Structures are given as C-alpha cells and as structure tokens.
**Student:** 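Could you have a look at this structure, given as structure tokens, before my questions?
Just so you know, these numbers come straight off a predicted model, no measurement behind them.
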Amino acid sequence: QVQLVESGGGLVQAGGSLRLSCVASERTSRRSFAMGWFRQAPGKEREFVGTINYSGRTEYTDSVKGRFAISRDNNKNTMYLQMNSLKPEDTAIYFCAFAYGWSNATPTKQGDYHFWGQGTQVTVSS
C-alpha cells in the first residue's frame, strides 16, 4: 500500500504561481514508479495534467504546456508541480497519483495508476 500526501494548494491571483508537492510513502520495495497529477474542477470530470516516469521523462496536457513543470526527487519519493502563469480555468482540486513501473513510457490515463492522494485545492482568482 502506498500513501500519497499532497501539499501546497491555495488561493492565488491570475498570473501568479504555486508549487504543489506530493510525498509517497512507498515502503515495500525498490521498484520503479511513475507519479502524475490530475485535476477536477467543479462539475467536471477528473482530467490528466502531467506525469513524470522513473527516468524523469515528462508529459503534459496541452492546456498547461509551457506553464507547468513536474519534477521529482527519487531519494525523497517526492514529486513537485510548479505552476506558473495561472489562469482562473486552472481552478480545481489537484490529485497526486502513483503507478508502479513506467521506466520508459509515461502513464496518462487514470486507470494506469494504482494509488491516489486526497487532493489539494487550487483556486485562481481573476
């Protein structure tokens, strides 16, 4: 079982920045794993934001490319989401997700992931 804890959400004005963190308590093995971010806005389905595999390869949804950046520290089992030039449409609950494997490819579907965090609220005011 892997537990994920997100932090860093909050209220920010449009054009501002936030940095989210996700710590994975992965105790059972030294297996490779990917981590990703999804978000869910009110009244909408959860959508893919970005991911980083064990090798450090990243992939993003088109709406955040050039504004968001994912990084990870494998020694700390921690993933970061740096969000710049935030827009009101970025307002959502952001969820961290964990998937074993994925050393080469990048998981972009919810079904690719095995564990999920509780989410952290990001609100961007206009």
Side-chain angles (χ1 to χ4, degrees):
Q1 186 72 18
V2 175
Q3 294 182 335
L4 302 172
V5 178
E6 304 104 331
S7 62
L11 173 65
V12 64
Q13 288 188 333
S17 298
L18 280 176
R19 188 193 195 206
L20 305 184
S21 298
C22 175
V23 180
S25 61
E26 207 284 327
R27 313 175 191 174
T28 59
S29 71
R30 295 181 180 271
R31 296 164 59 183
S32 61
F33 57 89
M35 297 180 75
W37 291 98
F38 288 74
R39 66 186 180 186
Q40 187 167 18
K44 295 187 177 181
E45 294 185 352
R46 190 175 300 188
E47 65 173 359
F48 170 74
V49 175
T51 185
I52 184 166
N53 71 8
Y54 197 70
S55 301
R57 177 182 172 185
T58 56
E59 185 169 346
Y60 303 93
T61 192
D62 286 345
S63 62
V64 308
K65 286 180 180 177
R67 300 189 299 121
F68 290 10
I70 295 175
S71 60
R72 63 187 284 173
D73 183 337
N74 288 341
N75 291 328
K76 297 181 179 180
N77 282 2
T78 301
M79 173 181 63
Y80 306 96
L81 177 64
Q82 178 66 44
M83 304 185 293
N84 300 323
S85 302
L86 282 161
K87 305 175 181 180
E89 50 264 43
D90 294 318
T91 295
I93 300 174
Y94 283 70
F95 297 90
C96 171
F98 179 104
Y100 280 117
W102 301 95
S103 295
N104 297 314
T106 49
T108 62
K109 299 180 177 61
Q110 293 188 55
D112 293 333
Y113 291 86
H114 304 101
F115 303 101
W116 292 83
Q118 294 299 308
T120 184
Q121 177 70 47
V122 171
T123 303
V124 184
S125 62
S126 57

**Student:** Is there a donor-acceptor pair under 3.5 Å between the side chain of S85 and the backbone N or O of G15?
**Tutor:** no
**Student:** Which value, rounded to the nearest 0.5 Å, describes the distance between L20 atom CG and Q82 atom CD?
**Tutor:** 9.0 Å
**Student:** Do Y54 and Y80 sit in one hydrophobic cluster, given that two such residues count as connected whenever their side-chain heavy atoms are within less than 4.5 Å of each other, even indirectly?
**Tutor:** no
**Student:** Return yes when atom CD of Q118 has more than 12 non-hydrogen atoms of other residues, nucleotides or ligands closer than 6.0 Å, and no otherwise.
**Tutor:** no
**Student:** Find the distance between CD (E89) and OG (S63) and round it off to the nearest 0.5 Å.
**Tutor:** 8.5 Å
**Student:** Can F68 and L86 be said to form a side-chain contact (heavy atoms from CB on, under 4.5 Å), step by step?
**Tutor:** CA-CA 9 Å; F68 290 10; L86 282 161; 3.8 Å; yes
**Student:** Taking side chain as C-beta onward, heavy atoms only, is M83 less than 4.5 Å from R67?
**Tutor:** no
**Student:** Looking only at non-hydrogen atoms, find the nearest pair between V2 and A24 and report the distance.
**Tutor:** CG1-CB, 4.2 Å
**Student:** So does D62 pair up with K65, basic N to acidic O under 4.0 Å?
**Tutor:** yes
**Student:** So do F38 and I93 actually touch side chain to side chain, heavy atoms under 4.5 Å?
**Tutor:** no
**Student:** With distance as the sole criterion, is a donor-acceptor pair present between the side chains of E6 and T120 under 3.5 Å?
**Tutor:** no
**Student:** Looking only at non-hydrogen atoms, find the nearest pair between A41 and T91 and report the distance.
**Tutor:** CB-O, 3.6 Å
**Student:** Between T51 and Y113, is there a side-chain heavy-atom distance shorter than 4.5 Å?
**Tutor:** yes
**Student:** Ignoring hydrogens, what is the shortest heavy-atom contact between S32 and S103? Give both atom names and the distance.
**Tutor:** OG-OG, 3.1 Å
**Student:** Can you confirm whether I70 sits close enough to M79 that some side-chain heavy atom of one is under 4.5 Å from a side-chain heavy atom of the other?
**Tutor:** yes
**Student:** How many angstroms lie between CG in D112 and CZ in F48, if you round to the nearest 0.5 Å?
**Tutor:** 9.5 Å
**Student:** Classify the angle between the aromatic ring planes of F95 and W116 as parallel (below 30°), tilted (30 to 60°) or perpendicular (above 60°).
**Tutor:** perpendicular
**Student:** Any chance you could measure S126, atom OG, to Q13, atom CD, to the nearest 0.5 Å?
**Tutor:** 9.5 Å
**Student:** Is it the case that the side chain of R57 and the backbone of N104 share a donor-acceptor pair, with hydrogens and angles ignored and the cut-off at 3.5 Å?
**Tutor:** yes
**Student:** Testing the basics here: between C96 and L4, what is the closest heavy-atom pair and its distance to 0.1 Å?
**Tutor:** O-CD1, 3.6 Å
**Student:** Centre of F33's six-membered ring, under 6.0 Å away, within 45 degrees of the axis: is that where NZ or CZ of R72 sits?
**Tutor:** yes
**Student:** Between C22 and W37, is there a side-chain heavy-atom distance shorter than 4.5 Å?
**Tutor:** yes
**Student:** In terms of the angle between their ring planes, are H114 and Y100 parallel, tilted or perpendicular, with boundaries placed at 30° and 60°?
**Tutor:** tilted
**Student:** Any side-chain to backbone donor/acceptor pair from N77 onto S25? Under 3.5 Å, distance only.
**Tutor:** no
**Student:** Would a 4.5 Å heavy-atom cut-off, applied to side chains only, mark V64 and R39 as touching?
**Tutor:** yes
**Student:** In this structure, would L81 and W102 fall into the same cluster of hydrophobic residues linked by side-chain contacts under 4.5 Å?
**Tutor:** no
**Student:** Among the clusters formed by ILVMFWY side chains lying less than 4.5 Å apart, do V23 and F98 turn up in the same one?
**Tutor:** no
**Student:** Looking at Q110 and R46, would you say the former's side chain and the latter's main chain have a donor-acceptor pair under 3.5 Å?
**Tutor:** yes
**Student:** Same cluster or not: are Y60 and L18 linked, directly or through other Ile, Leu, Val, Met, Phe, Trp or Tyr residues, by side-chain heavy atoms under 4.5 angstrom apart?
**Tutor:** yes
